[in-house]
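Because only heavy atoms are used, hydrogens play no part in the values below, and waters and symmetry mates are left out as well, while side chains stay in.
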Amino acid sequence: MQVFKFGGASVKDASGVKNVASVLHKVGYKNTLIVVSAMGKTTNALEVVINNYFNNKKELQSAIQDVKKYHNAILLDLFDDEKHASFKKIAALFDELSTFLEVNKSPDYNFVYDQVIGYGELVSTVIISEYFNHIGIKNNWVDAREHIKTDNYYRRGNVNWEETQTLITTHFNKSVLNITQGFIGSDANNFTTTLGREGSDYTAAIYAYCLNAESVTIWKDVPGVLNADPRYFENAQLLNKISYREAIELAFYGASVIHPKTLQPLQQKEIPLYVKSFLKPEEPGTMVGKEIILEPNIPCFIVKKDQVLISLSSLDFSYIVEENISEIFSLLHTYKMKVDVIQNSAISFSVCVDNIYNNLEKLLQHLKAKFKVTCHEHVSLYTIRHYNENAINQLEKGKTILLKQLTEGTVQMVTK
């Protein structure tokens with residue numbers, strides 16, 4: 001069995017959906033599971049819906065209508081007959097969304113976020129499943145929430161692997177083409193949970209692990225895994241082969257092609273991962289596998305924008321010791337700060353974090369009670385794997401370096 005994952009860019013419009021069908025015809029889809037993200041920028045559009053629900057009720061219905069119109073236009077391009085069953089199915093999903101927003105009593109932003117945001121994936125997979133059946137690609141639509149069970153850590157659910165394995169093994173039909181949603185699961189009370197942004201790759205890996213798949217292919221709008229993001233770096237090069245270990249390192253540091261959680265379950269069962277272009281499906285792309293030497297062996301550049309650099313020093317020039325560091329990390333955990341890099345000396349401690357949950361002000365107030373605090377917001381964190389002197393010089397040019405850290409094989413810099 002093989003698992004294919006198609007992201008939002010691949011299904012952003014009707015021609016994209018038709019191209020996915022073309023890809024399947026070219027590469028084959030026997031014994032295949034397809035994992036699909038929300039279409040285009042739907043996740044961003046639904047985030048506007050959520051924001052309006054909490055902060056601007058007057059614009060809420062308008063935001064919902066924008067999402068409806070976008071998907072309805074795709075339906076009209078795919079189906080000649082407006083009486084096709086897909087129109088009713090999509091309308092029913094949007095009715096569910098509206099009903100939830102009307103009856104919800106929870107003030108918890110993260111809970112509401114997960115209940116709303118998942119409709120992007122539900123709608124996209126229904127449209128694609130219906131279209132494929134319409135053109136003769138028979139398939140089975142699967143609700144991922146019935147298979148992938150998590151805790152109730154909304155917006156970053158932790159998978160209950162034992163229950164998920166049992167549900168997938170028991171209720172999954174391998175003999176047909178299956179289409180399901182990336183990104184979403186459900187908790188013990190059957191409320192929708194999400195696996196973190198870009199979590200569709202992770203969904204593909206979860207299914208591959210539980211189904212003992214032969215391979216996973218992530219279909220992107222790039223030729224494979226590149227040594228740099230072409231949006232931020234010139235002359236990005238294709239990496240033909242890469243090991244699980246190296247891919248995990250790149251993902252950990254923020255490489256956007258592969259989700260950080262995706263690789264662990266694949267590595268455990270040595271399931272190869274391919275990253276290929278949905279525009280040129282015949283090309284080999286990048287293979288990620290066990291004990292593969294990086295090919296070609298060149299520096300790899302990663303950037304994470306809009307980070308926060310917090311520098312702490314003791315108020316009385318005493319040492320920053322284990323007790324202080326333990327307390328700092330406890331606060332970072334309490335306020336759900338994702339730590340990207342740390343650096344400490346005898347009397348100072350610096351940490352670069354991702355303020356995903358907007359708890360920065362609360363954290364800073366807590367820290368200022370015990371430390372002298374300096375905070376730089378909207379900084380960039382650059383990482384170079386397999387660096388050389390030329391790569392470092394090239395990256396430093398024209399930037400203000402706030403923090404720099406070199407280890408064997410990796411250099412990291414926080415810049416303005």
request  = Answer yes or no: is there a side-chain heavy-atom contact under 4.5 Å between Val308 and Asn355?
outcome  = yes
request  = Using only heavy-atom distances, determine whether the side chains of Ser350 and Ser311 contain a donor-acceptor pair under 3.5 Å.
outcome  = yes
request  = Please answer whether the main-chain N or O of Gln237 pairs with a side-chain N or O of Asn227 as donor and acceptor at a distance below 3.5 Å.
outcome  = yes
ask   = Got Leu367 and Leu331 here, is their nearest side-chain heavy-atom distance under 4.5 Å?
value = yes
request  = Using the six-membered ring of Tyr153, assess whether NZ or CZ of Lys336 lies under 6.0 Å from its centre and within 45 degrees of the ring axis.
outcome  = yes
Side chain Asn393, main chain Glu389, donor-acceptor under 3.5 Å = yes
inquiry  = Once rounded to the nearest 0.5 Å, what's the spacing between atom NZ of Lys5 and atom OG1 of Thr217?
reply    = 12.0 Å
note = Tested for side-chain contact (heavy atoms from CB on, under 4.5 Å) against Leu403, the lone hit among Val351, Ile342, Val414 is Val414
request  = Over all heavy atoms of both residues, which pair between Ile258 and Ala247 is shortest? Give the atoms and the distance, please.
outcome  = CD1-CB, 4.4 Å
query = Within a strict 4.5 Å, meaning less than it, do heavy atoms of the Ile248 and Gln267 side chains meet?
reply = yes
ask   = Stepwise, does the side-chain hydrogen bond (donor to acceptor under 3.5 Å, both in side chains) test hold for Glu96 with Tyr119?
value = CA-CA 9 Å; Glu96 276 184 24; Tyr119 279 95; 3.1 Å; yes
task = Inspect the contact between Arg155 and Asp114 and indicate whether a charged nitrogen and a carboxylate oxygen are less than 4.0 angstrom apart.
result = no
inquiry  = Within a 6.0 Å radius of atom NZ on Lys399, are there more than 12 heavy atoms belonging to other residues, nucleotides or ligands?
reply    = yes
ask   = Would you say Trp219 and Val20 make side-chain contact, with heavy atoms under 4.5 Å?
value = no
Lys/Arg-Asp/Glu bridge criterion (N-O < 4.0 Å) met for Asp66, Lys68 = no
task = Side-chain contact test, heavy atoms from C-beta onward, threshold under 4.5 Å: evaluate it for Val303 versus Phe233 and give yes or no.
result = yes
ask   = Do side-chain atoms of Thr170 reach the backbone of Thr166 as a donor and acceptor pair under 3.5 angstrom?
value = yes
message = Walk me through whether Thr192 and Ser186 qualify under side-chain hydrogen bond (donor to acceptor under 3.5 Å, both in side chains).
response = CA-CA 4 Å; Thr192 303; Ser186 65; over 6 Å; no
inquiry  = For a side-chain hydrogen bond (donor to acceptor under 3.5 Å, both in side chains) check, start with the C-alpha distance between Ser345 and Ser348, then their side-chain angles and the critical distance, and finish with the verdict.
reply    = CA-CA 5 Å; Ser345 67; Ser348 68; 2.5 Å; yes
ask   = Taking 4.0 angstrom as the limit, do Glu396 and Lys404 come out as a salt bridge?
value = yes
task = Decide side-chain hydrogen bond (donor to acceptor under 3.5 Å, both in side chains) for Ser175 and Asn173; before the verdict, give the C-alpha distance in whole Å, the side-chain angles of both, and the deciding distance to 0.1 Å.
result = CA-CA 6 Å; Ser175 65; Asn173 182 359; 2.6 Å; yes
query = Just wondering, do Ile218 and Lys220 contact through their side chains at under 4.5 Å, heavy atoms?
reply = yes
Asp143 CG to Glu121 CD distance, which is reported to the nearest 0.5 Å = 11.5 Å
query = Is Lys304 atom NZ crowded by more than 12 heavy atoms from other residues, nucleotides or ligands, each under 6.0 Å away?
reply = yes
task = Verify the neighbour count for atom NZ of Lys18: are there more than 12 heavy atoms of other residues, nucleotides or ligands below 6.0 Å?
result = yes
request  = Answer yes or no: is there an ion pair linking Lys276 with Glu283, defined by an N-O contact shorter than 4.0 Å?
outcome  = no
query = Okay, side chain of Asn19, backbone of Ser22: is any donor-acceptor separation there less than 3.5 Å?
reply = no
query = When you measure from the side chain of Thr286 to the backbone N and O of Val225, does any donor-acceptor pair fall under 3.5 Å?
reply = yes
query = Is there a donor-acceptor pair under 3.5 Å between the side chain of Asn160 and the backbone N or O of Glu163?
reply = yes
request  = Please tell me if the side chains of Ile206 and Trp161 come closer than 4.5 Å, counting only heavy atoms from C-beta onward.
outcome  = yes
message = Using a 3.5 Å distance criterion without hydrogens, assess whether the side chain of Ser62 forms a donor-acceptor pair with backbone atoms of Glu59.
response = no
task = Would you kindly check if the NZ (Lys) or CZ (Arg) of Lys269 is within the cone defined by 45 degrees around the ring axis of Tyr209 and under 6.0 Å from the six-membered ring centre?
result = yes
remark   = Which of His366, Gln365, Lys368 passes side-chain contact (heavy atoms from CB on, under 4.5 Å) with Val373? Answer is Lys368
query = Side chain of Lys149, backbone of Thr164: donor and acceptor closer than 3.5 Å?
reply = no
Side chains of Ile293 and Ser243 in contact at under 4.5 Å (non-hydrogen atoms) = no
Test of ring centre spacing under 6.0 Å for Phe54 and Tyr109 = yes
Aromatic contact, Phe111 with Phe191 (centres under 6.0 Å) = yes
query = Excluding sequence neighbours, so at least two apart, what forms side-chain hydrogen bond (donor to acceptor under 3.5 Å, both in side chains) with Tyr207?
reply = His147
Using residues 376-383 as the side-chain source, report each donor-acceptor pair under 3.5 Å to any protein atom, sequence neighbours left out, with the distance given to one decimal.
| unit_1 | atom_1 | unit_2 | atom_2 | d |
| --- | --- | --- | --- | --- |
| His378 | ND1 | Asp306 | OD1 | 2.6 |
| Thr383 | OG1 | Gln412 | NE2 | 3.2 |

task = Can you tell me which residue pairs pass the side-chain hydrogen bond (donor to acceptor under 3.5 Å, both in side chains) test with a partner in residues 123-136, sequence neighbours excluded?
result = Lys89-Glu130, Thr125-Trp141, Thr125-Gln181, Ser129-Asn139, Asn133-Asn139
task = Report yes or no: is the cationic atom of Lys305 (NZ for Lys, CZ for Arg) under 6.0 Å from the centre of the six-membered ring of Tyr232, at an angle within 45° of the ring normal?
result = yes
